[in-house]
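Down below is the structure, laid out as structure tokens.
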Amino acid sequence: LDAWMFPLLDLVIDSIGHKVSAVSSLGLEASKLIVDGTHPESFRLVLPFLTRACQHDKAKVKLFGMSTISELAEGRCSTQVANDLYELVPLLTVNMWDCKDEVVEAARRCLEVCCVAANNRDLKPFIPKLINCVLHPENVPECVHQLAATVFVQEIKSPALAVTVPLLERGLNERDTVIRRKACTIVENMCKMIDHPEEAIAFMPKIKPMVSRAAEEIPDPEARGVAGKTLKTLLGIEEAAIESRQLNPEAVLEIWGSVFPATDPSEKKLGYEEAVAHVCKVCSSLITDRNFEHATWREVLEEHMKPFAPIAQEASDQLRDLCYRESRPKVAEEDWDEEGEDLCNIEFSLGYGAMMLLTNTRLHMKRGKRYGLCGPNGCGKSTLMRAIVNGQVDGFPPPDKLRTVYVEHDIQGADVSSCVIDFVLSDPRLKEESRDEVTRVLKSVGFTDELLAKSIQALSGGWKMKVALARAMLLKADILLLDEPTNHLDKNNVQWLEEYLTSLHNVTSMVVSHDSRFLDRICTHITHFEKNRKLKTYRGNLAEFVRQKPEAKAYYELASEEVTFTLPEPGFLEGVKSKGKAILKMSDVSFAYPGSSKPTVSKISLQASLLSRVAVVGPNGAGKSTIIKLLTGELKPDSGTVWKHPNMRIAYVAQHAFHHLEKHLDKTPNEYIQWRYAGGEDKESLTKEGKKVTEEEEEQMKKVQMIWTDDGNVEKRVVEEIMGRRKLKGGYEYEVKWVGLQSDKNSWLEREKLVEMGFTKMLNRVDEREALRLGTSGKALTAKNVEDVLGKMGLEAEFATHNRIRGLSGGQKVKVVLAAAMWEDPHILVLDEPTNYLDRDSLGALATAMKTYGGGVIMISHNHEFTREVCTETWICEEGRLKREGKSFTDDVKIVAPTNSLFTGEKKEVKDSYGNTIQVENQVKLTGKDLKKYKKMKEARKKRGEDVSDSE
């Protein structure tokens, strides 16, 4: 009867407020009968009548509307009431300020029942506070603080948003910056827990303008940044929700016509068309609520169409299936009709901790296709691959039906002495494989007998990558998941990999790579991480993808408008008056790894300055990384010398950059850098081979030394520790503490004397400690300063301070290592394959920063586009030898001693009370008397042995 009674319901409810009690009583009884006889799924059709009742000018009608909603929320329509809370909550909060007490109490009671119907266990304990806050606005700040402390683990849906929106509206309207910032944070965090963007679309007109205003008006720049980030998230959700298609009753009626062919009008029973129209309205409501349960659809059709003709179950299911398909977002319809065998065709969500990476997205892969997986650093590319291979993606075929192999860089950090064949056979998945077959496959990817005899640790990064690929070939995968496979590979090996992948007609590949040329040559499809946390698959290679999506042109450009890196100025170096002067040298150096029959590098000589921009190139295994490790002290040369300026700071990012982090995965990036530099020295540098003291050196340092004392006598003494150093003309003296003597007996000895005594490594450690102190002077090792340094390398505070390293993407980990290396403001930056894992935006930002960097840069990279952009000099490695090409620099630059703006009256930047940067005129100038005073203080410091620069 719903289809015929609903048009009368407004009039019947209105009669409840009639002044004649008999009419009022009959109206109340009739209204209850109509509402009680309504099917639960028709609630959305009843709701407009009840909301109009709640806004009626007669108290009786208001009370009926709110009591009816309360009964339905507590009874058979709790789910339907919850889905429409976005309409009910604002209405009920208005009624809580009514002039009549009974209306206020009914509104409070109804709001409480409706909020409970929202069925969010995270919010349930908080409901009384939210309701109390509506009646007592002065409690808003405290309530916002308490909501901010609420832990959300359950998916956020429309009902939960409806419950919190009144409080968030008031919080965003507060004058207090702290409360407005916290309200923005709550909105941001709740958005992260929304699986279906369309859940939030009803609240955008209320929340988005307030957040936008906060992003413009809040005086504190940090709080404005939080509001801006929240606004960006809201815009992303709004954009994503647009793709979701709701079907109005007319659209459902059109689908109905395709399932139930039109019959002769004379054969239709009276009221048939009205019943069909009503059923289509109910079905449209089910689609809006994303309720596609077969049983529900069958019940709705059977209930409403029973008087006319029984609806077959198959027809009911067909109507439901067509409506489901028609309402799916476009992204879920990609290539349904493409030819070929389906390997997977699934819908799933993917999250990491409190962060949603993908929400209700679709992954469709066919046999023999090659999918390039693209997206910015941190979007979840590697996480998705690991989740697939670990069986964590809902609906993905299990290993017994589909063999999936993940090829990553797990071998790069391997430090094992076993030979290549034994290493591959040690994989438990290959325990049934014969040695001959392993040898055959390894030789097919280019291994010679000589290379097969080498230990894994003696292989270059490129050959280690080929070991990983050979292992995947032996596993006979249906799907190959390749995470940055071209990293460490030279040009010839990249070409080999391209040919190999394109030759696999029965194997599907999913490839993550920032090498645009590689993706152009191998891909048949591009699967892209969209801003709305969906995957969208485009047919064709990367070039075709960019043609379809022009805003993705950054994949071809080595520049970035969105990402910026800032490298710190290295600072003054004593005795270095021009940037072209050599501060790092290698002379006639040779080195062989243990067990190798011939040297890896021979007779290497080179030098670098503050102006150096050097690309180290050559085929895999030519000795590039070995030269870099010798230059930075990671390895100790077998012959020849490596010299560096004693105050020079050198930063090194290894080929397998993650090895810097592998022991600190449960620290945040901020904690890692604080650990690394605590105590005034770089703990990472102490693990380098060239810094370790051998047993022979230990014995030499324990020897008794004959020392002249101040009174002219000779004493036998043993060195306990080298405490520090001071400047002499043409060199340094070091303070030595002796075993068994008090500190007042310490001696100052020249460097040459201590070198003769065998203390070179201890002296170098003191030099590095002093160099670090000079580089970081004025920069305290605090969480805020470390966060700033990480921010300058493109890592947001959320990841820098509040997320552990274990959860970061490959690109984010590289940024951590770069930021850690730059903490000491180095004079020379040495990078081994810095482009690995970095997306195009980050590569562009790094290239731009290197061009203006005040120190020298030496890098190994197979990315010729990157090296051409940055480098002016090339060191070519071939078979352990080195040849230099290009120019170290075009014009030398004289170093001007720094001046202190305190003495010049120049403008300087200061922070106001909110943290905004402003420029003010510096009025402080020193008089002649003050200058004489400071000159005397400087001379006194020199006499005490303190290090004083000429520019001070």
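- With sequence neighbours left out, the ring pair (Phe, Tyr, Trp, His ring centres under 6.0 Å) criterion links Y672 to H664.
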Stepwise side chain to side chain contact (heavy atoms under 4.5 Å, CB included) check, L846 with F866: CA-CA 9 Å; L846 182 60; F866 185 78; 3.9 Å; yes
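- For the pair D515 and R517, the salt-bridge criterion is not met [side-chain N within less than 4.0 Å of a carboxylate O].
- With a 4.5 Å cut-off on side-chain heavy atoms, F518 and L497 count as touching.
- Counting all heavy atoms, side chain and backbone alike, C419 lies closest to R435 at SG-NH2, 4.3 Å.
- Under the 4.0 Å criterion applied to side-chain N and carboxylate O atoms, R881 and E878 are not assigned as salt-bridge partners.
- A salt bridge links E869 with K851: the closest approach of a Lys/Arg side-chain nitrogen to an acidic carboxylate oxygen falls below 4.0 angstrom.
- Pairs passing the ring pair (Phe, Tyr, Trp, His ring centres under 6.0 Å) check and including a residue from residues 602-645, sequence neighbours excluded, do not occur.
- Contact detail for W738 and S747: the closest heavy-atom pair is NE1-OG, 2.9 Å.
- Ion pairing of D682 with R676 is present here, as a side-chain N (NZ or NE/NH1/NH2) and a carboxylate O approach within less than 4.0 Å.
- V589 approaches P637 most closely through the heavy-atom pair CG1-CB, 3.6 Å.
- A salt bridge links E873 to R884: at least one charged side-chain nitrogen sits closer than 4.0 Å to a carboxylate oxygen.
- Counted by atom type alone, D832 and S625 present one or more donor-acceptor pairs between their side chains at under 3.5 Å.
- Partner of M793 under the side chain to side chain contact (heavy atoms under 4.5 Å, CB included) criterion, chosen from T566, L818, V817: L818.
- W675 does not carry K663 over the face of its six-membered ring by the limits of under 6.0 Å from the centre and within 45° of the normal.
- Looking at every heavy atom in both residues, K815 comes nearest to G794 through NZ-O, 3.6 Å.
- Considering only heavy atoms from C-beta on, I722 stays 4.5 Å or farther from E735 through its side chain.
- Taking both residues in full, the closest heavy atoms of V642 and L630 are given as CG2-O, 3.8 Å, listed atom of the first, atom of the second, then distance.
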Step-by-step side chain to side chain contact (heavy atoms under 4.5 Å, CB included) determination, V407 to D483: CA-CA 6 Å; V407 182; D483 196 350; over 6 Å; no
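- Between Y734 and E750 there is no side-chain heavy-atom pair separated by less than 4.5 Å.
- With a 4.5 Å cut-off on side-chain heavy atoms, H827 and V576 do not count as touching.
- For the pair F447 and V467, the minimum side-chain heavy-atom distance is below 4.5 Å.
- Enclosure of atom CD in E569 by more than 12 non-hydrogen atoms of other residues, nucleotides or ligands within 6.0 angstrom is indicated.
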Residue pair S455, F423: steps toward the side chain to side chain contact (heavy atoms under 4.5 Å, CB included) verdict: CA-CA 9 Å; S455 65; F423 179 81; over 6 Å; no
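- Between atom NZ of residue K894 and atom NZ of residue K581 there is a gap of 10.5 Å, rounded to the nearest 0.5 Å.
- Counting heavy atoms from C-beta outward, V830 and M859 have side chains that stay 4.5 Å or more apart.
- Contacts of V789 classified as side chain to side chain contact (heavy atoms under 4.5 Å, CB included), with partners at least two apart in sequence or in another chain: A819, W823.
- Looking at residues two or more places apart in sequence or on another chain, you find a side chain to side chain donor-acceptor pair (under 3.5 Å) between E715 and R717.
- A cation-pi arrangement is absent between K883 and W875 under the rule of less than 6.0 angstrom and at most 45 degrees off the ring axis.
- Here Y593 pairs with T626 under the side chain to side chain donor-acceptor pair (under 3.5 Å) rule; sequence neighbours left out.
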With a cut-off of 3.5 Å and sequence neighbours excluded, list every side-chain donor-acceptor pair involving residues 603-616.
unit_1, atom_1, unit_2, atom_2, d
S605, OG, D588, N, 2.9
S609, OG, K579, O, 3.3
S609, OG, L611, N, 3.2
S612, OG, S609, N, 2.8
S612, OG, S609, O, 3.4
R613, NE, M850, O, 3.1
R613, NH1, G855, O, 2.7
R613, NH2, M850, O, 3.1
R613, NH2, Y853, O, 2.6
R613, NH2, G855, O, 3.3

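- Residues V441 and A470 share a closest heavy-atom pair of CG1-O, 3.7 Å.
- Atoms OG1 and NZ, from T632 and K644 in turn, are 11.0 Å apart once rounded to the nearest 0.5 Å.
- For the pair I628 and I860, the minimum side-chain heavy-atom distance is below 4.5 Å.
- L808 is listed as a side-chain neighbour of V816, based on a closest heavy-atom distance under 4.5 Å.
- Expressed to the nearest 0.5 Å, how far SG of C877 lies from CD1 of I627 amounts to 3.5 Å.
- In summary, of the residues considered (R751, R726, K753), a side-chain hydrogen bond (donor to acceptor under 3.5 Å, both in side chains) with E733 occurs for R726 alone.
- Looking only at atom types and distance, the side chain of N647 has a donor-acceptor partner in the side chain of Y732 under 3.5 Å away.
- Heavy-atom contacts from other residues, nucleotides or ligands closer than 6.0 Å to NZ of K737 number more than 12.
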